[in-house]
There are 2 protein chains.
Amino acid sequence: MEDYNDKQLSIITVAERLFAEKGFHGTSVRDIAQEADVNIAMISYYFGSKDKLLEAVFRLRMNASRAFINELVQNDTMAPLEKIYSLIDRFINKMLNEQNFQCIMSREQLNKEQSPIRDLIWQLKGEMLGLMRPIVTNAQDAGIFATDVDVEMLMTTLFGTIHQTIPAQHLLRTNTAYAHMNDQEFKEYLRLRLSNHLKKLFKAILTHEF
Amino acid sequence: MEDYNDKQLSIITVAERLFAEKGFHGTSVRDIAQEADVNIAMISYYFGSKDKLLEAVFRLRMNASRAFINELVQNDTMAPLEKIYSLIDRFINKMLNEQNFQCIMSREQLNKEQSPIRDLIWQLKGEMLGLMRPIVTNAQDAGIFATDVDVEMLMTTLFGTIHQTIPAQHLLRTNTAYAHMNDQEFKEYLRLRLSNHLKKLFKAILTHEF
DNA sequence: GTTTAAATTAAACGTTTGTTTAACTTTGCT
DNA sequence: AGCAAAGTTAAACAAACGTTTAATTTAAAC
């Protein structure tokens with residue numbers, strides 16, 4: 001069901017990048033076809049329509065996200081705070097590794113009229129919450145975490161901070177002292193800074209320690 | 001320069017809402033004309049083009065944001081933490097009162113190719129940072145705030161958490177126990193919850209107290 | 001080697017897009 | 001009242017859109 005050939009994957013990858021950069025309606029199938037170096041008709045031939053191409057992008061990345069979540073369920077030996085730290089780091093890595101898709105999600109979740117894609121996004125966030133909440137509540141019951149924590153809001157802060165960091169990158173790269181770094185260095189710098197900030201934040205609010 | 005008649009304001013308001021709901025490219029000038037109950041040609045007549053209509057929306061709200069920022073500079077008698085609290089509350093109120101515009105900003109800041117609008121957005125964020133940073137550093141010098149705080153990241157968390165809350169509303173309203181509230185009640189509930197969460201977060205990270 | 005299906009193409013399809021035109025109406029001023 | 005400017009309209013414009021067609025090439029199976 002999810003095995004695409006090279007040409008199909010090329011179309012999906014290019015579409016993902018352009019949708020992220022210019023938005024779904026801001027990207028034409030001709031743009032995609034040209035950058036992917038395929039005939040326009042191939043997009044309809046393989047995916048049926050532009051809408052279904054977006055759906056294909058989502059199906060591909062969503063499956064990866066599902067696998068990502070299921071992988072996080074493990075690691076029961078860790079202390080609660082270590083679990084949270086692990087969750088933060090893995091989440092940051094995931095975000096930085098699929099920025100284009102995260103961009104599309106940021107855009108699509110703003111659409112007011114409900115769509116299958118919008119539903120999928122919030123379903124995924126719900127699963128992330130379902131992963132984080134028991135860690136927190138269990139630690140609360142054990143007297144390790146503070147009890148006055150709004151887990152949904154904490155999740156919103158995690159998502160929001162990371163999503164907000166994505167567009168901020170372009171500004172940092174051009175306007176500041178980080179211009180001398182290459183892409184890999186900058187990405188690593190950003191990863192570390194985000195990680196430190198979020199861990200500090202979560203530790204403070206969850207454990208009341210520093 | 002910024003005095004629009006009723007019809008122009010109607011067009012701007014409708015355009016702002018539709019751009020927020022469906023995106024700039026997802027909204028046609030015919031949609032706008034129809035919902036604003038004006039002839040299509042009036043949009044070009046008044047604003048020149050669809051692009052310049054978006055610019056008009058931005059100019060209008062940006063000016064309000066500038067005024068908002070300048071207003072925040074006052075209140076020098078407050079304690080540092082109270083200043084931060086005030087900033088958080090005013091910021092939340094602003095966000096909730098102009099959700100459509102904030103939606104457009106969320107979308108536009110994702111566009112990779114630079115534009116006058118994208119520049120304006122980050123300029124505005126820079127001004128917000130310039131407002132928050134001295135409060136924090138002064139309090140740090142006075143020994144009131146902790147010194148290991150990443151102010152840019154804290155700003156990102158503030159923006160990100162609130163921006164992330166906007167799309168989350170539609171989900172909450174339809175899927176949860178808050179369906180019985182009317183719009184005003186729900187808005188107030190959300191305002192309070194956001195406020196509590198962010199104040200707790202900022203107090204913990206800035207003062208190491210609870 | 002022939003046959004059948006899949007892949008690929010250039011061209012054309014009918015809409016919808018943003019914008020402009022030209023005619024007409026209203027408004028405000030002397 | 002008469003006139004000029006501003007406002008308003010339906011219609012038309014070319015360009016771009018997503019999609020389809022029909023013809024051709026490539027690949028696979030027998």
Side-chain angles (χ1 to χ4, degrees), chain A residues 1-60 104 107-108 111-113 115-118, chain B residues 1-60 104 107-108 111-113 115-118:
Chain A
M1 187 161 191
E2 300 292 349
D3 47 342
Y4 297 112
N5 62 39
D6 289 354
K7 202 162 239 177
Q8 288 170 313
L9 271 178
S10 166
I11 293 173
I12 289 182
T13 307
V14 169
E16 185 183 41
R17 195 185 80 244
L18 294 182
F19 289 160
E21 291 177 359
K22 313 196 288 180
F24 178 74
H25 291 292
T27 305
S28 72
V29 292
R30 282 170 178 82
D31 290 337
I32 300 170
Q34 189 179 350
E35 295 220 19
D37 199 32
V38 301
N39 190 280
I40 316 176
M42 296 305 292
I43 292 174
S44 292
Y45 178 72
Y46 276 133
F47 299 98
S49 69
K50 189 189 177 189
D51 285 87
K52 288 187 184 159
L53 172 56
L54 176 61
E55 280 185 43
V57 173
F58 260 82
R59 261 198 304 278
L60 193 68
I104 298 177
R107 282 201 153 98
E108 291 298 319
N111 291 350
K112 261 199 172 172
E113 50 184 302
S115 67
I117 284 174
R118 219 187 69 119
Chain B
M1 186 160 196
E2 299 292 350
D3 46 344
Y4 297 112
N5 61 38
D6 289 354
K7 201 161 240 176
Q8 287 170 313
L9 272 178
S10 166
I11 293 173
I12 289 182
T13 308
V14 168
E16 185 183 42
R17 195 185 79 243
L18 294 183
F19 289 160
E21 291 177 359
K22 313 196 288 180
F24 178 74
H25 292 291
T27 305
S28 73
V29 292
R30 282 170 179 82
D31 291 338
I32 300 170
Q34 188 179 349
E35 295 220 19
D37 200 32
V38 300
N39 189 281
I40 316 177
M42 295 306 293
I43 292 176
S44 292
Y45 178 71
Y46 276 132
F47 300 97
S49 69
K50 189 188 176 189
D51 285 86
K52 289 185 183 160
L53 172 56
L54 176 61
E55 280 185 44
V57 173
F58 260 82
R59 263 197 303 279
L60 192 70
I104 299 177
R107 283 200 153 98
E108 290 299 319
N111 290 349
K112 261 199 172 172
E113 51 184 299
S115 67
I117 285 176
R118 219 188 69 120

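Numbers restart at 1 for each chain; the letters A, B, ... are given by sequence-line order, proteins then strands.
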> Please report the interatomic distance NZ(B:K112) to NZ(A:K22), rounded to the nearest 0.5 Å.
12.5 Å

> Output one letter per nucleotide in nucleotides 20-29 of chain C: B when a protein non-hydrogen atom lies under 4.0 Å from the base, S when only the sugar-phosphate is that close, - when neither is.
BB--------

> So what does A:Y46 touch, heavy atoms closer than 4.0 Å: a base, only the sugar-phosphate, or nothing?
sugar-phosphate

> Take the protein atom CD of A:Q34 and the nucleotide atom P of D:dG18, then report the distance between them rounded to whole Å.
14 Å

> Could you check how far NZ of A:K22 sits from C1' of D:dA16, rounded to whole Å?
13 Å

> Please give, in whole Å, the distance from D:dT19 P to A:I32 CD1?
10 Å

> Could you check B:L53, B:V29, B:V57 and say which one makes a side chain to side chain contact (heavy atoms under 4.5 Å, CB included) with B:F47?
B:L53

> Between A:K50 (NZ) and D:dT19 (C1'), how many Å, whole number?
12 Å

> Output the rounded distance in Å from CG (B:D31) to P (C:dT16).
11 Å

> Once you round it to whole Å, what is the distance between P of D:dT8 and CG of B:D37?
11 Å

> Would one find more than 12 heavy atoms of other residues, nucleotides or ligands at under 6.0 Å from atom CG of B:D37?
no

> Could you check how far CZ of B:R30 sits from C1' of D:dT9, rounded to whole Å?
14 Å

> Could you measure the distance from the CD1 atom of B:I12 to the CG atom of B:L54? Nearest 0.5 Å is fine.
10.5 Å

> Taking the side chain of B:M42 as its heavy atoms from C-beta onward, which of C:dT19, C:dA12, D:dT8 lies nearest to it?
D:dT8

> With a sphere of 6.0 Å drawn around CG of A:N5, does it hold more than 12 non-hydrogen atoms of other residues, nucleotides or ligands?
yes

> Side chain of B:Q34, backbone of B:D31: donor and acceptor closer than 3.5 Å?
no

> When the distance from CZ of B:F47 to C1' of D:dA6 is rounded to whole Å, what number comes out?
16 Å

